[in-house]
Enquirer: 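One structure coming up, written as structure tokens, with questions to follow.
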Amino acid sequence: MESLGDWRRDKYVNEVTEDDYDKELVFMGWVQDIMVLGKISFIILRDRGGTVQVVMSRNEIGANRYNFLKKLPRESVIAVKGVVVPNPQVQQGFEIQCKEIRVLNLAKSPLPISVDGQVRANMDTRLDWRFLDLRKPEVQAIFKIRSTVLSAMRDILLEEGFIEIHTPKIVATATEGGTALFKMKYFDRVAYLNQSPQLFKQSMMATGLDRVFEIGPAFRAEEHDTLRHLNEYTSIDIEMAFSDENDAMEVLERLVVRVYGKVLAENYSDLQTLNVEHTVPEPPFKRVKYSELIERLQNEGLEVEDERSGQKRLIEWGDDIPLEGMKLIAERYKSLYFITHWPTSLKPFYIMPLEGDEEVSHAFDLNYAEKELASGGQRIHLPDLLRRRLEENGLTPENFTFYLNAFEYGMPPHAGWGLGAERFLMVLTGVKNVREAVLFPRDKKRLVP
RNA sequence: GCCCCGGUGGUGUAGCGGCCUAUCAUCCGGGCCUGUCGAGCCCGGGACCCGAGUUCAAAUCUCGGCCGGGGCGCCA
């Protein structure tokens, strides 16, 4: 194999401008395709920035070298030194008149999946060969957007006065209850992978840090097998003291709006590659009460299975809204909206019930059409109420000592939310499967790669 | 956890009892071509998930196994 030597990439192909015309530059990347027309060949070279046509003529580089190079397997890695020549005939408006090529590594053939989009492989096959899958511009575009989204969120939250924290992912006991946890060995003890930073970020409210956020993984051992669930996902969590759920919703609203703006500005070409169009959403997002939605669904005649009898009956207040119901709602609420005033019974124990009407809570969800993106609310800050709510949810307060202690020595009222990064990316990138938004998704069946 | 569905060359598929020494595309190998860019043309290559059964006959039907897809529930 030939070595890099003193060659270094001068530009990615998308960075070439008219100023580079007639200059000799070095490009590096992968051989996407070679079209051989006798004594002249066209190599389609691909790097992160796109593809460019490299023109290689036998007369220019010699017959021996030419005959070797024109047979390079697809996806081999090369460095090309050549002159940038304007040419209105080609897609990019310029091509590279090849002077010299260094073959840095050969690719095996045939390829397990096609990289140039000739044949669409199944998601499963693509994930088995994710590194090849990621050579495709439309797959790379998702992760370029993901990078923008997560860095923008960090910047925006810092600007909003939040402090970034990191809470443990290895925990001793169930945090919220409800969802199943992954069990693991912790030396000679049993430990679990954390399902959410909830309890830790709430305990930060008792410290005076006042506003905190965390971007990190969350693990759920549910055997769900859908296009919108992962067993490991990225959660963006905030918690803010001296606040109620409306303050939390406003932070979320500002964050979402600004992230849209950032993505539109920085990933214009990636959005084009993905064939999605966005406009920055206008705040305030609609706020609709849970009870209104239930009424609407009753008018639509939506039936659910009764938990006790197993019989079909009309949906009623207190029922969770099934996906079918969310789809009906999405016909009217096509974009971003908040669902507020949820029944306390449908929300975790730490959500603050309404004063004077404990059946209703200070919880909200942020949805995009039928997709649930975030959920949050005002939390209980009163220790007695919190203990009672734990018990009402069938949980044992003794298991929550570290958490409850934080409420005993001066805990301010507070609120917060958790936003699913991959769910939000589904909306921004238009992908139908949440697995598309993670490099190496973890689901019930997939642990490798 | 419940309910559907599927496994055919490297990839994506057609075929669903005999017409299959299995279709098409892509791919791979060889050949022709100095302007191709979804290159074109000619020649060649490559597959029925595993096991048992039914049948004169199984890619095709039945059962079991393994692997996968989708829906629901639950949630972000």
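Here the structure is a predicted model, which means the values were calculated and not measured. Any value given below was found using the heavy atoms of this structure, including those in side chains, with hydrogens, waters and symmetry copies removed.
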Enquirer: Using atom CG of A:L346 as one end and atom C1' of B:A76 as the other, report the distance to the nearest whole Å.
Expert: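 Going from CG in A:L346 over to C1' in B:A76 covers 16 Å.
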Enquirer: Provide the Watson-Crick or G-U wobble partner of B:G6, both distances under 3.5 Å; none if there is no partner.
Expert: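 Matched B:G6 with B:C67 under the 3.5 Å cut-off.
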Enquirer: Among pairs that include at least one residue of residues 286-304 of chain A, which meet salt bridge (charged side-chain N to carboxylate O under 4.0 Å, His left out), considering only residues two or more places apart or in two chains?
Expert: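 Passing the test, one end in residues 286-304 of chain A: A:E253-A:R287.
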Enquirer: Rounded to whole angstrom, note down the C1' distance from B:G1 over to B:U60.
Expert: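 Approximately 34 Å lies between the C1' atom of B:G1 and that of B:U60.
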Enquirer: With a 3.5 Å limit on both atom pairs, tell me what B:A76 is paired to, counting Watson-Crick and G-U wobble, or say none.
Expert: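 Matched B:A76 with nothing under the 3.5 Å cut-off.
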Enquirer: What is the distance, rounded to the nearest whole Å, between atom CG of A:D124 and atom C1' of B:C49?
Expert: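 Distance check: A:D124 CG to B:C49 C1' gives 14 Å.
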Enquirer: Does some side-chain heavy atom of A:D20 sit less than 4.5 Å from a side-chain heavy atom of A:T17?
Expert: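 Contact flag for A:T17/A:D20 side chains = yes.
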Enquirer: Hey, mind stepping through A:V103 and A:L69 against side-chain contact (heavy atoms from CB on, under 4.5 Å) and telling me if it holds?
Expert: CA-CA 8 Å; A:V103 179; A:L69 289 172; 3.7 Å; yes
Enquirer: Which heavy atom in A:L425 sits nearest to a heavy atom in A:A437, and how many Å separate them?
Expert: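 So the minimum-distance heavy-atom pair works out to CB-CB, 4.0 Å.
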Enquirer: Tell me which nucleotide, if any, is Watson-Crick or G-U wobble paired with B:C37 when both distances must be under 3.5 Å.
Expert: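 For B:C37, the partner nucleotide comes out as none, under the 3.5 Å rule.
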Enquirer: Does a side-chain N-to-carboxylate-O contact under 4.0 Å join A:R446 and A:D124?
Expert: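 Looking at A:R446 and A:D124, the cut-off is met.
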Enquirer: Taking C-beta and beyond as the side chain, do A:V434 and A:Y233 meet within less than 4.5 Å on heavy atoms?
Expert: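 Of all side-chain heavy-atom pairs linking A:Y233 with A:V434, none is under 4.5 Å.
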Enquirer: Check each of A:I96, A:I78, A:V36, A:V80 against A:I43 using the side chain to side chain contact (heavy atoms under 4.5 Å, CB included) test, and report the only one that passes.
Expert: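 Answer to the side chain to side chain contact (heavy atoms under 4.5 Å, CB included) test with A:I43 among A:I96, A:I78, A:V36, A:V80: A:I78.
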Enquirer: Taking atom C1' in both B:C32 and B:G68, what distance in whole Å separates the two?
Expert: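 The same atom, C1', in both gives a distance of 44 Å.
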Enquirer: Take the angle between the ring planes of A:Y290 and A:W342 and call it parallel below 30°, perpendicular above 60°, tilted in between.
Expert: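 Taking A:W342 first and then A:Y290, their aromatic rings sit tilted (interplane angle of 30° to 60°).
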Enquirer: So, is the end of the A:R48 side chain (NZ or CZ) under 6.0 Å from the ring centre of A:Y12 and within 45° of the ring's axis?
Expert: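 Yes - A:R48 lies over the ring of A:Y12, closer than 6.0 Å to its centre and within 45° of its axis.
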Enquirer: Over 60° means perpendicular and under 30° means parallel, so tell me whether A:Y260 and A:H278 are parallel, tilted or perpendicular.
Expert: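 It falls in the perpendicular class, over 60°.
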Enquirer: Which sits closer to the 5' end of RNA chain B, A:K347 or A:A121, going by the nucleotide each is nearest to?
Expert: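 In this pair, the answer is A:A121.
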Enquirer: Look at A:N122 and B:G12 and indicate whether a side-chain polar atom (N or O) is within less than 4.0 Å of OP1 or OP2.
Expert: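 For A:N122, the contact criterion (side-chain N or O under 4.0 Å from OP1 or OP2 of B:G12) is met.
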Enquirer: Mind checking what makes ring pair (Phe, Tyr, Trp, His ring centres under 6.0 Å) contact with A:H229, not counting sequence neighbours?
Expert: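 Listed in chain order: A:H224.
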Enquirer: Between B:G9 and B:C4, how far is it from one C1' atom to the other, in whole Å?
Expert: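 To the nearest whole Å, 29 Å.
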Enquirer: Across the strands shown, which category fits A:S235 at heavy-atom distances under 4.0 angstrom: base, sugar-phosphate, nothing?
Expert: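 Answer is nothing: A:S235 stays at 4.0 Å or more from every strand.
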Enquirer: Out of the candidates A:E164, A:E239, A:E214, only one should pair with A:K201 under the salt bridge (Lys or Arg N to Asp or Glu O under 4.0 Å) rule; please name it.
Expert: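 In the set A:E164, A:E239, A:E214, the residue that makes a salt bridge (Lys or Arg N to Asp or Glu O under 4.0 Å) with A:K201 is A:E239.
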Enquirer: Tell me which residues in residues 244-262 of chain A put a heavy atom below 4.0 Å from RNA chain B, sorted by number, or none.
Expert: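 Residues of residues 244-262 of chain A under 4.0 Å from RNA chain B: none.
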Enquirer: Using the P atom in both, what is the distance from B:C49 to B:C37, to the nearest Å?
Expert: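 One P to the other, the span is 38 Å.
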Enquirer: Has A:K71 got a side-chain N or O lying under 4.0 Å from the OP1 or OP2 atom of B:G30?
Expert: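 For B:G30, OP1/OP2 do have a side-chain N/O of A:K71 under 4.0 Å.
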Enquirer: Please report, rounded to the nearest Å, how far the P atom of B:C75 is from the CD atom of A:E422.
Expert: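 From A:E422 CD to B:C75 P: 19 Å.
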Enquirer: Heavy atoms only, 4.0 Å cut-off, all strands: where does A:S114 land among base, sugar-phosphate and nothing?
Expert: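 Nothing, no nucleic acid heavy atom in range.
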Enquirer: Please determine, for B:G18, whether a Watson-Crick or G-U wobble partner exists with both distances under 3.5 Å, and give it or none.
Expert: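 WC or wobble partner is B:C56.
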Enquirer: Return the pairing partner of B:C27 with a 3.5 Å limit on both distances, Watson-Crick or G-U wobble; otherwise return none.
Expert: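 Partner of B:C27: B:G45.
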Enquirer: Send over the distance from A:R126 CZ to B:G12 P, rounded to a whole Å.
Expert: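 Spelled out: CZ on A:R126 to P on B:G12 is 11 Å.
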Enquirer: Between B:C19 and B:A57, how far is it from one C1' atom to the other, in whole Å?
Expert: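 Looking at atom C1' only, B:C19 and B:A57 are 14 Å apart.
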Enquirer: Please identify which of these residues, A:R228, A:R442, A:R146, meets the salt bridge (Lys or Arg N to Asp or Glu O under 4.0 Å) condition with A:E422.
Expert: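 Of the listed options, the one satisfying the test is A:R146.
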Enquirer: Spell out protein contact along nucleotides 34-48 of chain B as letters: B when the base is contacted, S when just the sugar-phosphate is, - when no protein heavy atom is under 4.0 Å; keep the 5' to 3' order.
Expert: BBBBSB---------
Enquirer: Separation of A:Q32 atom CD from B:U26 atom C1', in whole Å?
Expert: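 Rounded to whole Å, this separation is 14 Å.
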Enquirer: Taking the side chain as everything from C-beta on, heavy atoms only, tell me whether A:L428 gets closer than 4.5 Å to A:V149.
Expert: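 In short, these two side chains touch, coming nearer than 4.5 Å.
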Enquirer: Give the rounded distance in Å between these two atoms: CD1 of A:I351 and P of B:C75.
Expert: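 After rounding, the reported distance stands at 13 Å.
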Enquirer: Apply the test side-chain contact (heavy atoms from CB on, under 4.5 Å) to residues A:R220 and A:S196: give CA-CA distance (whole Å), side-chain angles for both, the deciding distance (0.1 Å), then the verdict.
Expert: CA-CA 9 Å; A:R220 308 237 162 138; A:S196 143; 3.9 Å; yes
Enquirer: Write down the protein N/O and nucleotide N/O pairs, taken from nucleotides 70-74 of chain B, whose separation is under 3.5 Å; answer none if there are no such pairs.
Expert:
{"from": "B:G73", "atom 1": "OP1", "to": "A:L323", "atom 2": "N", "distance (Å)": "3.2"}
{"from": "B:C74", "atom 1": "N3", "to": "A:H229", "atom 2": "NE2", "distance (Å)": "2.8"}
{"from": "B:C74", "atom 1": "N4", "to": "A:R228", "atom 2": "NH2", "distance (Å)": "2.7"}

Enquirer: Give the rounded distance in Å between these two atoms: CG of A:L132 and P of B:U26.
Expert: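 Distance check: A:L132 CG to B:U26 P gives 21 Å.
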Enquirer: Check each residue of residues 329-338 of chain A for a non-hydrogen atom within less than 4.0 Å of any atom in RNA chain B, then write out the ones that pass by number, or none.
Expert: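 Listed by number, there are none.
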Enquirer: Could you measure between the two C1' atoms, the one in B:G7 and the one in B:G64, and give it in whole Å?
Expert: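 Looking at atom C1' only, B:G7 and B:G64 are 16 Å apart.
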Enquirer: How close or far is atom C1' of B:C67 from atom CG of A:D443, stated in whole angstroms?
Expert: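 That distance rounds to 14 Å.
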Enquirer: Could you tell me how far B:U54 sits from B:G17 if I compare only their C1' atoms? Round to whole Å.
Expert: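 Each nucleotide's C1' atom is 11 Å from the other's.
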Enquirer: Measuring only the P atom in each nucleotide, how far is B:G46 from B:U21? A whole number of Å is fine.
Expert: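 Taking atom P in both B:G46 and B:U21, they lie 15 Å apart.
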Enquirer: For a 4.5 angstrom cut-off between non-hydrogen side-chain atoms, does A:E245 reach A:W417?
Expert: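 A:E245 does not reach A:W417 side chain to side chain.
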